[in-house]
Chemist: 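I'd like to ask some things about the structure below.
Letters A, B, ... are given to chains in the order of the sequence lines, protein chains preceding strands, and every chain is numbered from 1.
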Protein chains: 2
Amino acid sequence: MNIGEASCRSGLPAKTIRYYEDIGLIQPDRGGNGYRDYGSDDVHKLRFLHRSRSLGFSVDECRQLLALYEDKSRASADVKEIATSKLGEIDRKIRELSELRLTLEHLVHACHGNERPDCPILEELSEG
Amino acid sequence: MNIGEASCRSGLPAKTIRYYEDIGLIQPDRGGNGYRDYGSDDVHKLRFLHRSRSLGFSVDECRQLLALYEDKSRASADVKEIATSKLGEIDRKIRELSELRLTLEHLVHACHGNERPDCPILEELSEG
DNA sequence: TCTTGACCTTCCAGTTACAGGAAGGTTCAT
DNA sequence: ATGAACCTTCCTGTAACTGGAAGGTCAAGA
C-alpha cells in the first residue's frame, strides 16, 4: 500500500512516517514508480511506534523497544527496565508540574485582576 | 558588570544571556573593549526572566510579561490572564501525564520481568 | 486524448531554547 | 612576558517533527 493508506491505518502523519524512515526505524519497499510500498507488518510497526511515542517514550527508546520486539529471544526484564525508568521520569515530571502549579495558583489568586497596574504576579516574578 | 557577573547574579548561564540578547529580550551597553556591560536593572530583568522561565512560561510569554512589567500603566488583569491560561495548560499536562502513568504502571506490573521472552508490555504496544 | 485533482517524490527551511566548541581578542596577576 | 581566566563572534547540533516548494504519477471524467 502507499504511504497515504499506511498513514490512515497507523494513525501517523505521512510526514512522520517518512521521517521515521529517514532515521532508520522502518524500511518499506519501493514500487517501480518510486512510491513507498508498505506491507501489513510495516503498518504493525508503525502502530507500535505510534503507541510507544504517545506513551511518552522518546524516539530512541522506541528504537530500543522495537528492536526488543523483533528479537524473539529477548528477556522481558529488558523491556520492563526501560518501562520502569520511564515511569520514574513521568513521576518526576508530575511532581515538578505540581509544585509549579501551586506557585502559579498562589500568584493567580493573589492578583485581583482589575484595571489597576499593581500586580502581585509581576512583583513576585521580579523578586523571586 | 561583565556577562560573567550578570550570570552569577541572575542565575542564568552566559550562553543563555547572549541568546536572550539575540532574540531582543535585553540590550546591555557595550564597553570600549566590546564587552557587554550590565547594570543592576539588567540583572533585575534577567532574574525576572529566569524565574518566569522556571515557572513554565515560554520565552515568548516571558517577553509579554516583561513588556507588561515595564509598562507602568498595565492592567493587572492582563497579567492574570496570561498566568491563568498557563495554569490551565499545566493542569492539562498533569492530567495527561497521570493517564500515561496509569497505563504504563499497569504494563510494568503485568510484566513478570524475567528471562523469558514473553512480555505483556510489548504485546500491548503492538496491539493498542 | 486531454485535463484535473489527488496522490506521491525529494529537498530545504523553520520550530524551541538553548549548548558546545572553535578561533581569536582582553585583562590581570605574577 | 606569559599564562589563566575572561570575553567576543560564528557555526553547528539538539528532538521530533511540520510546512512548503517544485515536480513526477495515476485514475477518472469530458
Side-chain angles (χ1 to χ4, degrees), chain A residues 1-39 42-43 45-66 82 86 89-90 93 96 100, chain B residues 1-39 42-43 45-66 86 89-90 93 96-97 100:
Chain A
M1 79 195 75
N2 285 346
I3 199 171
E5 194 172 343
S7 167
C8 266
R9 295 206 194 169
S10 67
L12 288 171
K15 276 274 186 190
T16 302
I17 297 178
R18 290 197 196 95
Y19 171 69
Y20 285 170
E21 182 179 348
D22 271 2
I23 62 175
L25 286 178
I26 39 165
Q27 292 91 23
D29 292 340
R30 293 287 178 135
N33 52 10
Y35 286 18
R36 291 167 177 84
D37 183 19
Y38 297 88
D42 290 319
V43 172
K45 275 200 211 176
L46 289 173
R47 291 170 67 88
F48 183 101
L49 288 170
H50 189 185
R51 181 135 174 86
S52 316
R53 287 287 296 126
S54 71
L55 274 176
F57 292 99
S58 73
V59 165
D60 228 62
E61 285 162 339
C62 289
R63 197 191 300 275
Q64 294 172 48
L65 288 172
L66 203 54
I82 296 179
K86 181 55 61 176
E89 261 178 56
I90 291 172
K93 273 190 205 164
E96 278 173 26
L100 205 146
Chain B
M1 78 196 75
N2 285 347
I3 199 171
E5 194 171 345
S7 166
C8 266
R9 294 206 195 171
S10 67
L12 288 170
K15 276 276 188 189
T16 302
I17 297 178
R18 290 197 196 95
Y19 172 70
Y20 285 170
E21 182 178 347
D22 271 2
I23 62 174
L25 287 178
I26 38 165
Q27 291 92 24
D29 292 340
R30 292 289 178 134
N33 51 10
Y35 285 17
R36 290 168 178 84
D37 183 20
Y38 298 88
D42 290 319
V43 172
K45 275 200 209 176
L46 289 173
R47 292 170 65 88
F48 183 102
L49 287 169
H50 189 185
R51 180 135 175 86
S52 316
R53 287 288 296 125
S54 72
L55 274 176
F57 292 98
S58 73
V59 166
D60 228 61
E61 285 162 339
C62 289
R63 196 191 300 274
Q64 295 173 49
L65 289 171
L66 202 55
K86 181 55 62 175
E89 260 178 57
I90 291 173
K93 274 189 202 163
E96 278 173 24
L97 280 175
L100 205 147

Chemist: For the pair made of CG in Asn2(A) and P in dT25(D), what is the distance, rounded to whole Å?
Modeler: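 Rounded to the whole Å, the gap is 14 Å.
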Chemist: Of Gly32(A) and Ser58(A), whose nearest nucleotide on DNA chain D comes first from the 5' end?
Modeler: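 Mapping each residue to its closest nucleotide by heavy atoms, the 5'-most match is Ser58(A).
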Chemist: Can we say Lys93(B) and Glu96(B) salt-bridge, meaning some charged N sits less than 4.0 Å from an Asp/Glu carboxylate O?
Modeler: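 No.
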Chemist: In whole Å, I'd like the distance from the CZ atom of Arg53(A) to the P atom of dT18(D).
Modeler: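 One finds 10 Å between P of dT18(D) and CZ of Arg53(A), rounded.
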Chemist: If I take atom NE2 in residue His50(A) and atom C1' in nucleotide dA16(D), what distance separates them, rounded to the nearest angstrom?
Modeler: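 Checked: the NE2 to C1' distance equals 14 Å.
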Chemist: Is the backbone N or O of Tyr35(B) less than 3.5 Å from a side-chain atom of Asn33(B), with the two atoms forming a donor-acceptor pair by type?
Modeler: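 The answer is yes, because a donor-acceptor pair under 3.5 Å joins these two groups.
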Chemist: Between C1' on dT14(D) and CG on Asp60(A), what's the gap in Å once rounded to a whole number?
Modeler: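 To the nearest whole Å, that distance equals 12 Å.
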Chemist: Rounded to whole angstrom units, what separation is found between the OH atom of Tyr38(B) and the P atom of dC6(D)?
Modeler: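 Tyr38(B) atom OH is separated from dC6(D) atom P by 16 Å.
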Chemist: Measure from the side-chain N and O atoms of Ser7(B) to the backbone N and O of Leu12(B), and report whether any donor-acceptor pair falls under 3.5 Å.
Modeler: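 At least one qualifying donor-acceptor pair exists.
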Chemist: Pairs under 3.5 angstrom, nitrogen or oxygen only, protein versus nucleotides 27-30 of chain C, please.
Modeler:
| residue | atom | partner | partner atom | Å |
| --- | --- | --- | --- | --- |
| dT27(C) | OP1 | Asn33(B) | ND2 | 3.2 |

Chemist: How about Leu25(A) and Val59(A): do any of their side-chain heavy atoms sit closer than 4.5 Å?
Modeler: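 Contact flag for Leu25(A)/Val59(A) side chains = yes.
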Chemist: Among residues at least two apart in sequence or on other chains, which ones pass side-chain contact (heavy atoms from CB on, under 4.5 Å) with Phe48(B)?
Modeler: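 Result, side-chain contact (heavy atoms from CB on, under 4.5 Å) vs Phe48(B): Leu122(A), Leu125(A), Ser126(A), Ser52(B), Leu65(B), Leu66(B), Tyr69(B).
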Chemist: Is it the case that the side chain of Lys86(B) and the backbone of Gly56(B) share a donor-acceptor pair, with hydrogens and angles ignored and the cut-off at 3.5 Å?
Modeler: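 It does hold such a pair.
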Chemist: What is the distance from CG of Asp37(B) to C1' of dT8(D), rounded to the nearest Å?
Modeler: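 Atom CG in Asp37(B) sits about 15 Å away from atom C1' in dT8(D).
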Chemist: Measure from CE on Met1(A) to P on dC26(D) and round the result to the nearest Å.
Modeler: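 After rounding, the reported distance stands at 18 Å.
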Chemist: Strictly below 4.0 Å, heavy-atom distances to any atom of DNA chain C: list the hits from residues 9-31 of chain A, or just say none.
Modeler: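 Those residues whose heavy atoms fall under 4.0 Å from DNA chain C, taken from residues 9-31 of chain A in numerical order, are Lys15(A), Arg18(A), Arg30(A).
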Chemist: Just wondering, do Met1(B) and Val43(B) contact through their side chains at under 4.5 Å, heavy atoms?
Modeler: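 Heavy-atom side-chain distance check passes, below 4.5 Å.
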Chemist: Report yes if at least one side-chain N or O of Arg36(A) is closer than 4.0 Å to OP1 or OP2 of dT25(D); otherwise report no.
Modeler: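 It does not, given that no N or O in the side chain of Arg36(A) lies less than 4.0 Å from OP1 or OP2 of dT25(D).
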Chemist: Indicate yes or no: does Arg18(B) engage Glu21(B) in a salt bridge with an N to O separation below 4.0 Å.
Modeler: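 No.
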Chemist: Using only atom types and a distance under 3.5 Å, with no angle test, would you say the side chain of Arg63(B) pairs donor to acceptor with the backbone of Ile23(B)?
Modeler: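 Looks like yes, one N/O pair under 3.5 Å.
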Chemist: Roughly how many Å is it from CD in Glu61(A) to P in dA15(D), rounded to a whole number?
Modeler: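 Rounded to whole Å, this separation is 12 Å.
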